[in-house]
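Below, chains carry the letters A, B, ... as their sequence lines are ordered, and counting in each starts from 1. No hydrogens, no waters, no symmetry mates; every other heavy atom, side chains included, goes into these values.
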Amino acid sequence: MTLSTFCRASGTHVALAAVAMLAAIVIFPKVAPLYTLINVTLYMSMGVFALSLALLWGYGGILCFGQSAFFGLGAYAYAIAAINFGDTTLASAFAIGIPALFAAGLGYFLFYGRLSDVYLGVITLTVTLILFKLINSTGGDAWRIGEARLGGFNGIPNTPLLTMPFTGIPLSPANLFTLACIALFATYALCKRLITTRFGRAVIAVRENEVRAELLGYNARRLKLAIFVISAGIAGLAGLLFANSVFVSPTMFSLSMAAQVLIWVVVGGLGTLFGPVAACFALQIAAAALGKLGLIDPNIVLGLVLVVFVVFVPGGIQPALAALLARILTPPRGSPGHMREEAAR
Amino acid sequence: MSVHLLEARDVAMHFGGVKALDGVDFRLKKGELRCLLGPNGAGKSTFFRCLTGTHKPTRGHILFKGTDIAGKERHDIARAGIGVKTQVPSLFDGLTTHENLWLALRTVRNAVAREEKIADVMERVGISPLRDNVLGRMAHGQRQLVELAMVVASDPDLVLLDEPAAGMTDGEVERLASIIRDLNRTHTVVVVEHDMHFIRMIADQVTVFHQGRILAEGHVESILANQTVRDVYLGKKHGA
């Protein structure tokens, strides 16, 4: 996909996403049972998480194996800040700010140290696993930040729910669903907008050819660091939503969480935004259904899905569907429509 | 302040024990078109890479518009006003010609001015029909021209071209020579090349590299008539 394709598609896609979001907000809480509403809120938070890597990997060309580090940091930062401050609005800012700050520090060493892509993947994965081990070992009263006990492998079950600003009234599941919808749409629209800006195009230029971008005067390392930080902030937002849908636990840093988001992006389509979100929803629904059946471990199916997509649909869902749609809409060779098109050329 | 746009003083580049450059002194006036030539391994491409920021010289200074750029980052050197066309075309392969040129116009903020400039450069280099072609699917000669167009579009003070005619057909080489001569009307140009036919088509002044040093410098015909230079090119042992 090229720059101009992004520009042309941007407005239409965002408008469609806005309509879908409004429809979901209006209809879904009225018809869905509470359990489904909470589950879909959870999927929405994962959708935001998928967008964070779709932006970083698909457009920045940075394969981060440890995106879950920022996801988990966002959730923990929110929970700890909310317990200590007693205010969830400020804590929400922490949920985005702390992962972004952490990414700025980590990214500085990664990008300014001119580490190759392979090392970047290894280091980000290692950082995630270190955090996973560290958080898991924080059981007992000694491990607390202010009033917040980290809770080891139990996590922080008493994570305060988001409250209405200034009133302190906790959000209901329907309110949380609405918030998750808005967050997913806003993140999608932000990413769409971002890739059409001068900054976004420069990031794509670096992805395409870092040396050429630098020879044209683009500061590749700074651009990579910037997109890394933005992506971490988005992952932190996803962590905040997840923390409000379930609760904060070390599994957020786990290897399976780090792998899941990679699978969503690959299956959805690298270099797309809608695809990874769609893949995230589809695979989570499938995993939940398989889990209910209890016939096979959902992770095995997830692995198979990844293999099938890598081998047979390497471009992912979104480009494959777009190609299929184009084939359907193109008149068959020899038909009057085709001849009219040929004549027009 | 130096009267020269570019001045290299005692530039050396060592790779372990290998001296790729060994004390190069080089001066270039504004508006010049200079060809750097020499056999393989003479040091011309290493010198070129020192100018672009790809290599950090082991020793010496490279003054561009009076500022030492030796060892600076590639993007800083580009921002200082040096445009580079590499030996193997280095392009944004997944993007179209138009998008490549869009990215080359980093400093142009106005959308209308940018589109006008893109159209102008494409016309000047003769690649207008390739506007919406994706670079990854284009022929080598076309890619060379698009990369040259990107350098022209960025409007640098100094244009560095590394073997721009490599892999081109005779017709494309002639067109390229005409473009470079035209470019030299407004820009200072340095061309690294070893194709004598092409050098004769574009250059007045040449600098010959040999074994990491400058062997000779002067008008193209007198240099090519120089027995030492001929010996180097024909493989006769220099100084024998």
Notebook entry, point to check: Can you tell me how far the CZ atom of R79(B) sits from the OH atom of Y218(A), to the nearest 0.5 Å?
Noted result: 9.5 Å
Item checked: F274(A) atom CZ, neighbour heavy-atom count above 12 within 6.0 Å -> no
Check: With a 4.5 angstrom heavy-atom cut-off, which part of L91(B) approaches chain A: side chain, backbone, both or neither?
Finding: backbone
Note to self: With a sphere of 6.0 Å drawn around NE2 of H61(B), does it hold more than 12 non-hydrogen atoms of other residues, nucleotides or ligands?
What the structure shows: no
Checklist line | Residue R221(A) versus chain B: region with a heavy atom under 4.5 Å | finding: side chain
Next item on the list: Output the option from G53(B), A104(B), G83(B) having the highest count of non-hydrogen pairs under 4.5 Å with chain A.
Entry: A104(B)
Check: Is atom CZ of R137(B) surrounded by more than 12 heavy atoms (other residues, nucleotides or ligands) closer than 6.0 Å?
Finding: no
Check: In Å and rounded to the nearest 0.5 Å, what is the CG to CD1 distance from L215(A) to I82(B)?
Finding: 10.5 Å
Check: Do R198(A) and R109(B) come within less than 4.5 Å of each other through their side chains, counting heavy atoms only?
Finding: yes
Notebook entry, point to check: When rounded to the nearest 0.5 angstrom, what is the spacing between CG in L103(B) and CD1 in I204(A)?
Noted result: 8.5 Å
Note to self: Main chain of F92(B), side chain of N209(A): is a donor-acceptor contact present, judged purely on distance under 3.5 Å?
What the structure shows: no
Note to self: Minimum heavy-atom separation for D93(B) and E208(A), please, with both atom names.
What the structure shows: N-OE1, 3.7 Å
Item checked: Top contributor to chain B interface from A205(A), A220(A), A202(A), G217(A) [non-hydrogen pairs under 4.5 Å] -> G217(A)
Notebook entry, point to check: Should we say atom CZ of R59(B) is surrounded by more than 12 heavy atoms from elsewhere, each under 6.0 Å from it?
Noted result: yes
Note to self: Treating R212(A) as the side-chain partner and S90(B) as the backbone partner, does any N or O pair qualify as donor plus acceptor under 3.5 Å?
What the structure shows: yes
Notebook entry, point to check: For atom OH of Y108(A), is the number of surrounding heavy atoms from other residues, nucleotides or ligands below 6.0 Å larger than 12?
Noted result: no
Item checked: A78(B) to E214(A) - nearest heavy-atom pair and separation -> CB-O, 3.7 Å
Check: Taking C-beta and beyond as the side chain, do R201(A) and E99(B) meet within less than 4.5 Å on heavy atoms?
Finding: no
Next item on the list: Count the heavy atoms belonging to other residues, nucleotides or ligands that lie under 6.0 Å from OH of Y112(A), then report whether that count exceeds 12.
Entry: yes
Note to self: When you compare the side chain of R106(B) with that of L216(A), does any pair of heavy atoms fall below 4.5 Å?
What the structure shows: no
Next item on the list: Under 4.5 Å heavy-atom distance to chain A, tell me which part of T54(B) shows up: side chain, backbone, both or neither.
Entry: neither
